[in-house]
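Note that these values count all heavy atoms, side chains included, but never hydrogens, waters or copies made by symmetry. Remember, it's a predicted structure, so these values are computed and weren't measured experimentally.
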4 protein chains.
Amino acid sequence: MSPPPTPATDTRSRILDAAARLFHEQGFNATGVSTILREAGVNPGSLYNLFPSKDALLAAVLERYTELLHPVVMAPVEARTSDPVERVFALLQQYREWFSPLDFRLGCPIGNLALEVADSHPEIRPLIKANFDGWIAYVRKWLDEAGDRLPADLDRDQLAGTVLTIMEGGLMQARSSRSAAAYDASVSQLRSYFDFLLTRGAARPG
Amino acid sequence: MSPPPTPATDTRSRILDAAARLFHEQGFNATGVSTILREAGVNPGSLYNLFPSKDALLAAVLERYTELLHPVVMAPVEARTSDPVERVFALLQQYREWFSPLDFRLGCPIGNLALEVADSHPEIRPLIKANFDGWIAYVRKWLDEAGDRLPADLDRDQLAGTVLTIMEGGLMQARSSRSAAAYDASVSQLRSYFDFLLTRGAARPG
Amino acid sequence: MSPPPTPATDTRSRILDAAARLFHEQGFNATGVSTILREAGVNPGSLYNLFPSKDALLAAVLERYTELLHPVVMAPVEARTSDPVERVFALLQQYREWFSPLDFRLGCPIGNLALEVADSHPEIRPLIKANFDGWIAYVRKWLDEAGDRLPADLDRDQLAGTVLTIMEGGLMQARSSRSAAAYDASVSQLRSYFDFLLTRGAARPG
Amino acid sequence: MSPPPTPATDTRSRILDAAARLFHEQGFNATGVSTILREAGVNPGSLYNLFPSKDALLAAVLERYTELLHPVVMAPVEARTSDPVERVFALLQQYREWFSPLDFRLGCPIGNLALEVADSHPEIRPLIKANFDGWIAYVRKWLDEAGDRLPADLDRDQLAGTVLTIMEGGLMQARSSRSAAAYDASVSQLRSYFDFLLTRGAARPG
DNA sequence: TATGAATGAGGGTTCATTCAT
DNA sequence: CATGAATGAACCCTCATTCAT
């Protein structure tokens with residue numbers, strides 16, 4: 001199913017790891033190919049054998065993020081929280097735990113790229129959207145699983161998208177202030193909204 | 001109060017205008033100083049006479065955004081909408097009207113810079129935060145003006161920050177999908193939350 | 001005789017002082033006009049009113065060194081040492097005392113310029129030569145004053161030039177090693193040569 | 001032992017040759033990297049692939065001078081002169097023959113750099129010192145080979161250093177006057193000193 | 001396939017100098 | 001005479017990428 005772990009595979013992985021890390025830490029434009037080469041311990045020829053361009057490498061990084069969405073982002077949430085509504089907040093809490101030790105540096109790697117390259121790299125934008133769509137789909141699934149605890153007339157797609165909005169918008173502000181407060185504020189208001197929705201869901205006519 | 005419109009002032013303005021536009025359109029790192037110079041019709045010595053570095057130019061651009069917050073962003077909203085709660089949504093609607101004709105390209109210039117340079121430019125981060133703080137302060141003022149139409153136990157600072165979160169997070173998704181839907185979704189959920197809050201406010205014990 | 005101490009004279013002096021110091025500390029090519037302006041607290045227009053170019057400023061600096069040769073370099077030596085032969089070594093000792101506290105940084109300001117600009121600035125070379133000639137003339141005068149203590153067939157011009165050679169060559173090596181040893185070595189050998197010459201002078205036929 | 005003459009080696013040599021020549025002709029600061037590139041027929045990326053900076057290129061130039069000290073400077077002297085004392089003056093004569101046709105332009109490439117960059121480039125100074133030390137070591141070796149023709153109590157290290165002092169100081173003056181006279185004067189006085197020393201050596205107690 | 005030198009356009013910035021006020 | 005913005009060539013260096021071995 002997967003290719004054998006040839007040296008080339010190792011090289012490819014090392015490049016992808018280095019590129020993903022550096023794009024996250026420094027941004028796409030601020031990361032030179034030579035830095036990726038150095039950090040991956042690879043020569044330009046090798047990189048350009050495997051990836052036709054820096055843009056193609058970015059595409060591969062985003063594809064990898066798509067693959068990692070479940071094992072890295074969603075599975076841990078589902079493992080430690082079973083209640084579907086609580087999974088929403090466990091997910092938001094997970095980002096807080098990731099970035100709080102860094103004083104909210106770095107931010108969401110997908111969100112960063114969304115704002116940096118969405119306009120300039122038309123071929124990349126769909127890959128960003130795919131990551132967002134996948135993320136939202138998990139939240140949407142949980143909202144579905146909440147069943148009639150949530151109001152029947154609730155637009156669950158909209159709400160799932162709003163959860164991502166809260167995460168990205170909250171993280172942006174936390175990063176700008178180097179403080180959890182802005183993130184926590186938005187999450188707290190979302191919680192308040194969910195409390196209201198759950199009340200309405202519970203109050204449905206029998 | 002303001003410096004006289006000497007040639008230098010003109011040059012400074014032309015540089016700031018060009019830089020602000022290009023940073024918005026292409027991002028900070030993707031914008032070369034030479035492009036700014038060409039678009040402003042200025043030569044390098046002039047720019048570096050007025051701004052000690054590209055980073056200092058970025059700082060000046062952000063200070064200008066702070067100055068423009070009221071006349072460009074908030075005053076039009078307050079002019080066309082008098083109800084304080086409706087002003088919140090008029091503000092969000094204004095962004096929609098700005099970016100919808102562009103298929104949600106560009107995005108918020110402050111938000112873009114927040115994700116691109118907050119970590120790499122420590123001296124810039126406070127200027128981004130100042131823009132966010134100023135934006136939030138207007139929303140907070142409107143929430144105050146809503147008085148007891150909103151619940152007494154509502155944390156209005158949190159809610160004001162969440163309005164910015166909705167704008168930034170919604171715009172990010174709209175940009176990634178080139179569609180208003182994601183933005184509208186988050187605004188719509190915020191409206192639903194406000195409806196709930198107004199209901200609770202109205203239901204206060206008399 | 002001298003112009004009244006107008007502000008312009010002050011400005012001129014401040015510029016010359018700053019330029020002389022910076023050319024000495026950093027060299028001519030490594031010193032930017034803007035640095036001179038900053039250190040002198042002067043605007044470009046002012047400098048270029050008084051000196052038509054950076055090269056002309058260099059010429060003025062060298063003329064000033066010529067003026068300062070007696071009061072700064074030779075007078076102190078003549079004041080503290082009366083024996084003409086000992087004045088030669090007091091002069092060499094004076095350079096040692098100037099540069100030893102600096103670990104032999106900086107070196108001779110004239111010698112530095114001699115090697116840096118003699119070829120590229122034909123109009124400057126004579127000014128350097130004039131400084132060297134003036135310096136040698138003092139030594140030559142002392143050798144004359146030594147009268148028949150030195151051999152009659154000694155070429156005193158040659159010997160005076162050699163004293164400068166010892167100073168410049170010794171300082172160059174001291175600067176390269178950050179140590180007095182190389183300078184002292186050459187001076188010590190010169191002393192040995194003088195001892196021989198004085199012996200021969202004393203042994204002249206009666 | 002030496003790397004194969006790959007294209008890279010050729011490029012490296014072309015760059016080093018051009019840089020050494022231009023640094024000698026114009027000085028370090030007055031030589032632009034672009035001039036080196038043009039003269040070497042190389043583009044910037046190539047140079048910076050082989051040398052991390054202009055300063056590193058200067059270091060390599062000085063290392064090359066160290067390598068060339070024997071084949072270019074000392075071997076010819078030893079080839080044409082066998083008497084060790086005469087080798088000292090053959091060496092000084094060789095410099096005269098090199099620079100006399102140029103009217104004593106250019107000067108000693110090491111000496112020039114000593115005065116231009118010793119203070120500003122701490123990593124370069126030891127390389128200059130190494131060149132001087134190597135030069136002096138040859139002279140010192142010849143003085144040793146002169147055995148008891150020279151006085152037993154002579155400090156031969158000091159004298160060897162003084163030979164370099166004479167060369168550098170004499171060349172500096174020759175360059176400033178565009179004339180051999182100043183150089184010849186110092187060499188002549190050194191000859192006179194050597195004559196004295198040889199006399200004293202010969203007069204040792206039997 | 002791996003290597004690392006070569007490519008050459010472009011990066012941000014400083015240079016000495018001029019000129020309008 | 002002072003001011004400081006304007007000039008534009010040149011500064012050193014890095015970029016993403018290609019290519020010969």
- Protein-nucleotide distance (R14(C), atom CZ; dA2(F), atom C1'), rounded to Å: 12 Å

- Can you tell me how far C1' of dA5(F) sits from CD1 of I15(B), to the nearest Å? 10 Å

- Message: Would you compute the distance between atom CZ of R21(B) and atom CD1 of I36(B) and round it to the nearest 0.5 angstrom?
- Response: 10.0 Å

- Choose from dA6(E), dA5(F), dT14(F) the nucleotide whose nearest atom is closest to any side-chain atom of N49(B). dA5(F)

- Message: I want to check one thing: is the phosphate of dA6(F), taken as OP1 and OP2, less than 4.0 Å away from some side-chain N or O of T11(B)?
- Response: yes

- Task: Provide, to the nearest angstrom, the distance between the CD atom belonging to Q26(B) and the P atom belonging to dG11(E).
- Result: 10 Å

- Message: For a stem of at least 3 consecutive Watson-Crick or G-U pairs with distances under 3.5 Å, i pairing with j, i+1 with j-1 and so on, which stems involve DNA chain F?
- Response: E:2-21 with F:2-21

- Query: For S176(D), does its backbone N or O pair with a side-chain atom of R125(C) as donor and acceptor, under 3.5 Å?
  - Reply: yes

- Query: Does a side-chain heavy-atom distance below 4.5 Å link M172(C) with N112(C)?
  - Reply: no

- Message: When you compare the side chain of L113(A) with that of N131(A), does any pair of heavy atoms fall below 4.5 Å?
- Response: no

- Verdict with reasoning, L62(D) to F23(D), per side chain to side chain contact (heavy atoms under 4.5 Å, CB included): CA-CA 11 Å; L62(D) 280 163; F23(D) 292 165; over 6 Å; no

- Message: Applying side chain to side chain contact (heavy atoms under 4.5 Å, CB included) to T35(D) and E39(D), what does each step give before you reach the verdict?
- Response: CA-CA 6 Å; T35(D) 307; E39(D) 302 272 306; 4.1 Å; yes

- Item | Separation of dG4(F) C1' from L50(B) CG (nearest whole Å) | 10 Å

- Note on the structure: On DNA chain E, more 5' by nearest nucleotide between G45(D) and P52(C) is G45(D)

- Under 4.0 Å: is that the gap between some side-chain N or O of S46(C) and OP1 or OP2 of dA2(F)? yes

- Item | Qualifying residue for side-chain contact (heavy atoms from CB on, under 4.5 Å) with V42(D), from L37(D), L50(D), N49(D) | L37(D)

- Item | Selection: residues 28-44 of chain C, any non-hydrogen atom under 4.0 Å of DNA chain E | T31(C), G32(C), V33(C), S34(C), P44(C)

- Query: Which is it for V117(B) and L58(B) under the side chain to side chain contact (heavy atoms under 4.5 Å, CB included) test, yes or no, and what are the steps along the way?
  - Reply: CA-CA 10 Å; V117(B) 304; L58(B) 173 59; 4.1 Å; yes

- Item | Residue K54(B), side-chain atoms from C-beta onward, closest of dT3(E), dT13(E), dA16(F) | dT13(E)

- Message: Using whole Å, what does the distance between atom C1' of nucleotide dA16(E) and atom CG of L22(C) come to?
- Response: 16 Å

- Whole-Å distance, L58(C) CG to dT17(E) C1', equals 17 Å

- Worked verdict on T11(C) versus L47(C) for side chain to side chain contact (heavy atoms under 4.5 Å, CB included): CA-CA 8 Å; T11(C) 301; L47(C) 186 149; over 6 Å; no

- Message: In whole Å, I'd like the distance from the CZ atom of F51(C) to the P atom of dC1(F).
- Response: 14 Å

- Message: Does a side-chain N or O of Y48(A) approach OP1 or OP2 of dT18(F) to a distance below 4.0 Å, or not?
- Response: no

